[in-house]
There are 2 protein chains.
Amino acid sequence: MPEASSPAGLEDHLGYWLRLVSNAVSQSFARRVEAEGVTVAEWVVLRALYGVEPMAPSQLAERMGMTKGAISKLADRLVAKDLVERREAGGDGRRQSLALRPQGHALVPRLAALADQNDAGSFEGLAPEERRELERLLRKLAAAHHLTAAPTA
Amino acid sequence: MPEASSPAGLEDHLGYWLRLVSNAVSQSFARRVEAEGVTVAEWVVLRALYGVEPMAPSQLAERMGMTKGAISKLADRLVAKDLVERREAGGDGRRQSLALRPQGHALVPRLAALADQNDAGSFEGLAPEERRELERLLRKLAAAHHLTAAPTA
DNA sequence: CAAAATTAGTTTCCTAGTCAACTTGATATC
DNA sequence: GATATCAAGTTGACTAGGAAACTAATTTTG
């Protein structure tokens, strides 16, 4: 606990530790997936599109907590890499839907393996029950903040 | 648990939940400090310089896990805002040191209060003992990854 | 002590986001 | 049915950071 008279320090905030560890884990994962030519955000999109019906950009934006502008550019990059395909959706000329192309579909399991490895490496410092507890706490916070996030399932 | 045959989903990774919650907490904090005209990274620098001897940019870079290039620009912005001062350090013409200017010093307690509020709001979904446990786990991970981070003390 | 290597910080180019203005298509209202 | 409004996506200006080339000052080495 800090002295009564001094302002709270960085280390006194849970948010600080969260950001510190999260950034390290994400950077580690970014380095891994870079070898497959994609970014973390691109992995999230690819996985979200895997094994489900084609999805609207706006839906992705909501799930990923990104703006529609960001998704638009992200989709551009994935299309340029031939991993994802844009289609006109339904009768509505505005709506489109994004779907995996074969190359993108094939990539998902490899990226998932990298994610598995990264998780294993990043959290090996915790005992199994600690990992479970961490997950429980994080999920609880996500729920409390209505971070509905990726159903992928 | 995912089916044996399907690749792991986003939700199956602890890193995913960590990033999700961390981003939400950081964005929330970013919105708060914006009212004081600074960014989260700037708060970290200001707090790190508060109540200690002037510090070299390279030292800050290491503590914050940022490149020296990033710190150089960050320092530029803080100097432009008159919150921080650059000095030539010691006899070595290369080294410099960064120190708070009065305005910067005065700002720290106000930003610390915002950080307190943000932490309170972000983690109110957890019981006190859960918060302590989360902090313990995060610190343990930080230590395991040699994220020595900010001593501020 | 001159030349080479090293170190601290800066700068340039690039990437990936946000925000807000814009375009275009659909819907609602009069 | 013309017009106003709304919704989906795109675009452009801007921001923050990383990587690597660069500058300048010090230190090491021959």
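Labels below follow one simple rule: chain letters A, B, ... track the order of the sequence lines, proteins then strands, and each chain is numbered from 1. Because only heavy atoms are used, hydrogens play no part in the values below, and waters and symmetry mates are left out as well, while side chains stay in. Fair warning: this is a prediction, and the values are worked out from it, not measured in the lab.
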Nearest-0.5 Å distance that lies between atom CG in L134(B) and atom CG in L138(A): 6.5 Å
Can you tell which of E133(B), E124(B), E130(B) makes a salt bridge (charged side-chain N to carboxylate O under 4.0 Å, His left out) with K140(A)? E130(B)
Separation of dA16(C) atom C1' from R19(B) atom CZ, nearest Å, is 14 Å
For Q27(A) and for G69(A), find the nucleotide of DNA chain D with the closest heavy atom, then tell me which residue's nucleotide is more 5'. G69(A)
Can you find a donor-acceptor N/O pair under 3.5 angstrom joining the side chain of K73(B) to the base of dG9(C)? no
Between the opening five pairs and the closing five pairs of the helix from dC1(C)-dG30(D) to dC30(C)-dG1(D), how far apart are the helix axes, to 10°? 0°
For dA19(D), does OP1 or OP2 lie under 4.0 Å from any side-chain N or O of R31(A)? no
Side-chain N or O of S58(A) less than 4.0 angstrom from OP1 or OP2 on dA7(D)? no
Would you kindly give the CG-to-C1' distance between L98(B) and dA8(C), to the nearest whole Å? 12 Å
Starting from P on dA16(C), measure out to CG on N23(B) and report it in whole angstrom. 16 Å
May I have the distance from L74(B) (atom CG) to dA16(D) (atom P), rounded to whole angstrom? 9 Å
Side-chain N,O (T67(A)) to OP1/OP2 (dT18(C)) below 4.0 Å: yes
L83(A) and L100(A), any side-chain heavy atoms less than 4.5 Å apart: no
Taking the nucleotide of DNA chain C with the closest heavy atom to each, which residue, G65(A) or A56(B), is nearer the 5' end? A56(B)
Could you list the donor-acceptor pairs under 3.5 angstrom formed between side-chain atoms of residues 75-82 of chain B and any protein atom two or more places apart in sequence or on another chain?
from	atom 1	to	atom 2	distance (Å)
D76(B)	OD1	R86(B)	NH1	3.1
D76(B)	OD1	R86(B)	NH2	2.9
R77(B)	NE	E42(B)	OE2	3.4
K81(B)	NZ	G37(B)	O	2.8
K81(B)	NZ	E42(B)	OE1	2.7
K81(B)	NZ	E42(B)	OE2	3.3
D82(B)	OD1	R101(B)	NE	3.4

Within residues 90-97 of chain B, which residues have any heavy atom lying less than 4.0 Å from an atom of DNA chain D? G91(B), D92(B), G93(B), R94(B)
Would a 4.5 Å heavy-atom cut-off, applied to side chains only, mark R47(B) and V108(B) as touching? yes
Rounding to an integer number of Å, can you tell me how far E88(A) CD sits from dA7(D) P? 20 Å
Could you tell me how the ring of F29(A) sits relative to the ring of W43(A): parallel (under 30°), tilted (30 to 60°) or perpendicular (over 60°)? perpendicular
Tell me: CG of D76(B) to P of dT10(C), nearest whole Å? 7 Å
To the nearest angstrom, the CE-C1' distance between M66(A) and dA16(C) comes to 8 Å
So does R136(B) have more than 12 non-hydrogen atoms from other groups sitting under 6.0 Å from CZ? yes
Applying a 4.0 Å non-hydrogen cut-off, can you work out what R86(A) is touching in the nucleic acid: base, sugar-phosphate, or nothing? sugar-phosphate
In whole Å, what is the span from the CH2 atom of W43(A) to the P atom of dA16(C)? 18 Å
Judged by nearest nucleotide, the residue sitting upstream toward the 5' end of DNA chain C, K68(A) or E42(A), is E42(A)
Applying a 4.0 Å non-hydrogen cut-off, can you work out what A41(A) is touching in the nucleic acid: base, sugar-phosphate, or nothing? sugar-phosphate
Mind checking whether R139(A) and V21(B) have side chains closer than 4.5 Å, heavy atoms only? no
Counting only heavy atoms from other residues, nucleotides and ligands, does the tally under 6.0 Å from CD of E129(B) exceed 12? yes
Does the side chain of K68(A) come within less than 4.5 Å of S72(A)'s, by heavy atoms? no
